[in-house]
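Model, not experiment: these values are computed from the prediction. Just so it is clear: chains get the letters A, B, ... in the order the sequence lines come, proteins before strands, and each one is counted from 1. Atoms considered below: every heavy atom in the structure, side chains included; atoms not considered: hydrogens, waters and symmetry mates.
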Protein chains: 2
Amino acid sequence: MGYSDFTGEFNYSIDSKNRVNIPSRYRKTMNEENVCEVVISKGFDSNHIDVYPLPKWITLRDKITASMQLVNRVHRNFIRQFTQNASHCTLDSQGRIMLTPKLMEMAGIKTNGNAVIIGMIDFMEIWDPEELKKHEENTPLTDSDFEKLEQLPLI
Amino acid sequence: MGYSDFTGEFNYSIDSKNRVNIPSRYRKTMNEENVCEVVISKGFDSNHIDVYPLPKWITLRDKITASMQLVNRVHRNFIRQFTQNASHCTLDSQGRIMLTPKLMEMAGIKTNGNAVIIGMIDFMEIWDPEELKKHEENTPLTDSDFEKLEQLPLI
DNA sequence: TATAATTACCCATAATTACCCACAAATCTA
DNA sequence: TAGATTTGTGGGTAATTATGGGTAATTATA
């Protein structure tokens, strides 16, 4: 995944064909690494869309499949849920991707509406502006959240 | 099995000849690896159909025969269940396969009805839309499932 | 072996998608 | 500041995809 450093927040429109623009700075990074394909998927919180540049997706996928067994029912269910809402997109020559109706519905994103793209270092999130606002109001990081994070060898 | 990365969920119709389309992206992957044959079989959960590209089937089969003992009754039963309902299909020139009446019945898939194909990375599942909905309602991944997954060296 | 049923192979078509071009707004450069 | 370039957005068209159905070849059945 090299040196992707997706940061910031961008406002774009969803056109009549359900296309969204990918921030040009992100595109440049991906270009330098010859990546023109991403995988969009349901975010773990389900009310937004995750966008993984292909190499990032592959490592994610491999980590998950490596520890999963096909004969294990829970594992099968997890893989299914994990891949079910994931779909490969190729950036068009204008640097856009086309969202799927199902993911749009999950995220509350509407045709001819708007969307916010947020950089998450090595992947992105696509939010409906309203949903994002709600999320920010409802789930600020608490002191106890930070305490939990302190226990990880993070920062 | 190379680099198959079957993801996503697709809705297709079952025609009067019990044919289903295989998603074109999956076909492309198989084509690149010169695979035009799959094995359809009863899924381990029994209420859907598994579709294995031939090479995947072969490795699965070999793993099973290598670790199973014919003198063990449970093993025999497993092998029987595993192969009994497995049947080889060749994709037609339109990229479709023909399902067998027996597997269709097991999965609740009806002639002239609909079916959902789900990518499972290196194989696929075919579901009756109703059965899938039921399954999703009955077996959602819980918070505790996710907590268990967090303990894996995953993400 | 003759006949019926099934399957493989082919062609046709509507809907969808990928690809291309265009242009206005914003940003950069000299 | 003026011109050039980049960026975001819209839309037209060719190509692909999903689906239906006809017919010859194959298989099963009596």
TODO: Using atom CE of B/M98 as one end and atom C1' of C/dT6 as the other, report the distance to the nearest whole Å.
DONE: 8 Å
Task: Length of the CG-P vector between A/N18 and D/dT9, whole Å - done: 14 Å
Open item on the list: A quick test of your reading: do over 12 heavy atoms of other residues, nucleotides or ligands sit less than 6.0 Å from CD of B/Q84?
Closed with: yes
- [ ] Output all residues satisfying side chain to side chain contact (heavy atoms under 4.5 Å, CB included) with B/K63, sequence neighbours left out; order by chain, then residue number.
- [x] none
Using the 3.5 Å cut-off, write out each protein N or O paired with an N or O of nucleotides 17-21 of chain D and the distance between them.
unit_1: D/dT17; atom_1: OP1; unit_2: B/S24; atom_2: OG; d: 3.0
unit_1: D/dT17; atom_1: OP1; unit_2: B/K28; atom_2: NZ; d: 3.1
unit_1: D/dA18; atom_1: OP1; unit_2: B/Y12; atom_2: OH; d: 2.7
unit_1: D/dA18; atom_1: OP2; unit_2: B/N21; atom_2: ND2; d: 2.8
unit_1: D/dA18; atom_1: OP2; unit_2: B/R27; atom_2: NH2; d: 2.4
unit_1: D/dA18; atom_1: O5'; unit_2: B/N21; atom_2: ND2; d: 3.2
unit_1: D/dT19; atom_1: O5'; unit_2: B/S13; atom_2: OG; d: 3.3
unit_1: D/dG20; atom_1: N7; unit_2: B/R96; atom_2: NH1; d: 3.1
unit_1: D/dG20; atom_1: O6; unit_2: B/R96; atom_2: NH2; d: 3.4
unit_1: D/dG21; atom_1: N7; unit_2: B/R19; atom_2: NH2; d: 3.0
unit_1: D/dG21; atom_1: O6; unit_2: B/R19; atom_2: NH1; d: 3.0

TODO: Check side chain to side chain donor-acceptor pair (under 3.5 Å) between A/Y52 and all other residues, then give those that pass, not counting sequence neighbours.
DONE: A/D50
Task: Angle of first-five versus last-five pair axes in the helix from C/dT1-D/dA30 to C/dA30-D/dT1, to 10 degrees - done: 40°
Open item on the list: Going by the rule salt bridge (charged side-chain N to carboxylate O under 4.0 Å, His left out), which residues pair with A/K102 if we only count those two or more places apart in sequence or in a different chain?
Closed with: B/E9
TODO: Hey, can you tell me if B/F10 and B/Y26 have their rings parallel, tilted or perpendicular (30° and 60° cut-offs)?
DONE: perpendicular
- [ ] Could you check how far CG of A/L91 sits from P of C/dC19, rounded to whole Å?
- [x] 12 Å
Open item on the list: From CG of A/L99 over to P of C/dT17, roughly how many Å is that when rounded to an integer?
Closed with: 12 Å
Open item on the list: Determine whether the aromatic ring centres of residues B/W127 and B/Y12 are separated by less than 6.0 angstrom.
Closed with: no
TODO: Mind checking salt bridge (charged side-chain N to carboxylate O under 4.0 Å, His left out) for A/R73 and listing every partner two or more places apart, or none if nothing turns up?
DONE: B/D45
Task: Check against side-chain contact (heavy atoms from CB on, under 4.5 Å), B/M124 and B/I22 - done: CA-CA 9 Å; B/M124 311 154 217; B/I22 299 294; 4.2 Å; yes
